[in-house]
Number of protein chains: 2
Amino acid sequence: MSSKTVLIVDDEASIREMIAIALEMADYRVLEADNAQTGHAMALDQKPDLILLDWMMPGTSGIELARRLKREEATAEMPIILLTAKGEEDNKVQGLEAGADDYITKPFSPRELVARLKAVLRRATPPGIEEAVEVEGLRLDPSSHRVTSHGGALEIGPTEYRLLQFFMTHQERAYTRSQLLDQVWGGNVYVEERTVDVHIRRLRKALGETHQHLVQTVRGTGYRFSTRE
Amino acid sequence: MSSKTVLIVDDEASIREMIAIALEMADYRVLEADNAQTGHAMALDQKPDLILLDWMMPGTSGIELARRLKREEATAEMPIILLTAKGEEDNKVQGLEAGADDYITKPFSPRELVARLKAVLRRATPPGIEEAVEVEGLRLDPSSHRVTSHGGALEIGPTEYRLLQFFMTHQERAYTRSQLLDQVWGGNVYVEERTVDVHIRRLRKALGETHQHLVQTVRGTGYRFSTRE
DNA sequence: GCGCCCCTGTCATATCGCTGTCATATTTTC
DNA sequence: GAAAATATGACAGCGATATGACAGGGGCGC
């Protein structure tokens, strides 16, 4: 899964650092800005998936930046979480009016931060509505995360599932091991090409006699998913 | 009967207060929001049984919020009653088009409000809430708040009950821990994802040998409730 | 108002399945 | 028949899930 990018805008380096560490541990990519101007520029340039914004900063305040971001089309869709000192309930209202998506009062635990952040991201990223695919009685349904053969459930591992999903949505085309690694395993993993063979075998086994023929070897090149011989 | 929760979204504190008192006397649980953003967030988090929405508010208007709520799956089922100043007949049409379930013109008497509200709730309640669900002899009956296996009552905790209810009304679909936290625990609670595992285990234990197989692990993803396999 | 008990969330630990790799067998090609 | 490519089976490490235990909190009954 591609990790999300989070932009932190806060004038205090120590706080940025603390947050950055927490987020990196949770596998987010982190950008930092120590004032509203820089933050604004980075938001435009880097298009982060979410912005953490300190309420109180010298110069342009966080809330002002929030308003500005929400006003501009390029950044209007970015979710914003405001960070603020405790107790200031009024701020909450103002903050949410300015278009912030959530609001965390300092002090907060890294865990809380990450949890809220996840929630906001989840809300902002509507789950892709994936359609089930079916071929010759072999059906892969992303919503139930299940593969069935004429109604009967098949035993299939995670990697084989992804592999099959890729194949079923990209039929009649030969892929090299390298391409499959990219598409199914994801970009920067280093894995032996031969490993693909092994998973192909596991996939065939899982498909059983009935559907094995769909996964075809293209000698000298790689593999292909096809209904034809 | 468990009392219903009503969310009031209105920018005028005095009106909210008036309504809140009327509703509390009628034994409803009341939530308040003074703008559309907050209202939206609370609707997601608290899952009220009904929303009272002011037509005219600074910023995002009530009707806009109504549309948004109806558009999103999580809130689409929530009944909405629009509050509006007298005379504006046009609004009525727009409001009902936006998906509002009823429409009350100010000024109104508390009695009228409660009466309409009851009517709307009565109409809206049937789906899911009151219906018992049964699968392979496992029966969950919301009206008696009870789970039985072939007639025999099962010992089950509150969280496991909600979890099971969610599962039984959303079968054959894989959910991540994150989604389950959202759906069963509710929005902004922050709880470890692993906690879901624990409650799954408790649920399985409660279901016993007979029905355990219905709650399935989807490795690398989360869990699923299914009668197959 | 007080105390007890159940429920909850978390942690440490145990378990299990998945993964990537290798050695070896089999098939294909020329 | 030899070389190259692919298939297969076995295996150890690792990560994800299951489990058991525990302390705090809250509700309920008294």
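These values consider heavy atoms only, across backbone and side chains, with no hydrogens, waters or symmetry-generated copies. Within every chain, numbering begins at 1; the chains are lettered A, B, ... in the order of the sequence lines, protein sequences first and strands thereafter.
For B/Glu192 and B/Gly157, each mapped to the nucleotide of DNA chain C holding its nearest heavy atom, the one lying further toward the 5' end belongs to B/Gly157.
Remark: A/Thr217 is not in phosphate contact with D/dA5, judged by side-chain N or O atoms under 4.0 Å from OP1 or OP2. Residue B/Arg177 places at least one side-chain N or O closer than 4.0 Å to OP1 or OP2 of D/dT17. When the side-chain nitrogen and oxygen atoms of A/Trp185 are compared with OP1 and OP2 of C/dG20, one or more of them lie within a distance under 4.0 Å. Residue A/Thr159 places none of its side-chain N or O atoms closer than 4.0 Å to OP1 or OP2 of C/dC18.
For the side chain to side chain donor-acceptor pair (under 3.5 Å) with A/Gln216, the qualifying choice from A/Arg204, A/Arg224, A/Arg228 is A/Arg224, the only one to do so. The only option from B/His199, B/Arg201, B/Arg202, B/Lys205 that meets the side chain to side chain donor-acceptor pair (under 3.5 Å) definition with B/Glu160 turns out to be B/His199.
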Verdict with reasoning, A/Arg177 to A/Asp197, per salt bridge (charged side-chain N to carboxylate O under 4.0 Å, His left out): CA-CA 8 Å; A/Arg177 297 176 171 70; A/Asp197 299 28; 2.7 Å; yes
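The interatomic distance linking A/Arg162 (CZ) with C/dC18 (P) rounds to 13 Å, in whole Å. Per the geometry, OH belonging to A/Tyr161 stands 18 Å off C1' belonging to C/dG17, to the nearest Å. Following rounding to the nearest Å, B/Gln216 (CD) and D/dT17 (C1') show an atom-to-atom distance of 15 Å.
For the pair A/Tyr175/A/Val218, no side-chain contact is recorded, criterion being any heavy-atom separation below 4.5 Å from C-beta on.
Listed by residue number, B/Thr195, B/Val198, B/His199, B/Arg202 are the residues of residues 193-215 of chain B with a heavy-atom contact under 4.0 Å to DNA chain C.
Taking all atoms of both residues into account, the shortest heavy-atom contact from A/Thr221 to A/Ala174 is CG2-CB, 4.5 Å. Taking all atoms of both residues into account, the shortest heavy-atom contact from B/Pro142 to B/Gln165 is CG-NE2, 3.8 Å. Between A/Ala43 and A/Ile51, the closest heavy-atom pair is CB-CD1, 4.1 Å.
Across all strands, A/Tyr223 comes closer than 4.0 Å only to sugar-phosphate atoms, never to a base (heavy-atom distances).
Note: A/His145 and A/Tyr161 have parallel aromatic rings, judged against thresholds of 30 and 60 degrees for the angle between ring planes. A parallel orientation is assigned to the rings of A/Phe225 and A/Phe167, their planes being inclined by less than 30° (bins at 30° and 60°).
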Contact pattern, 5' to 3', of nucleotides 25-30 of chain C - B, S or - by protein heavy atom under 4.0 Å: --BBS-
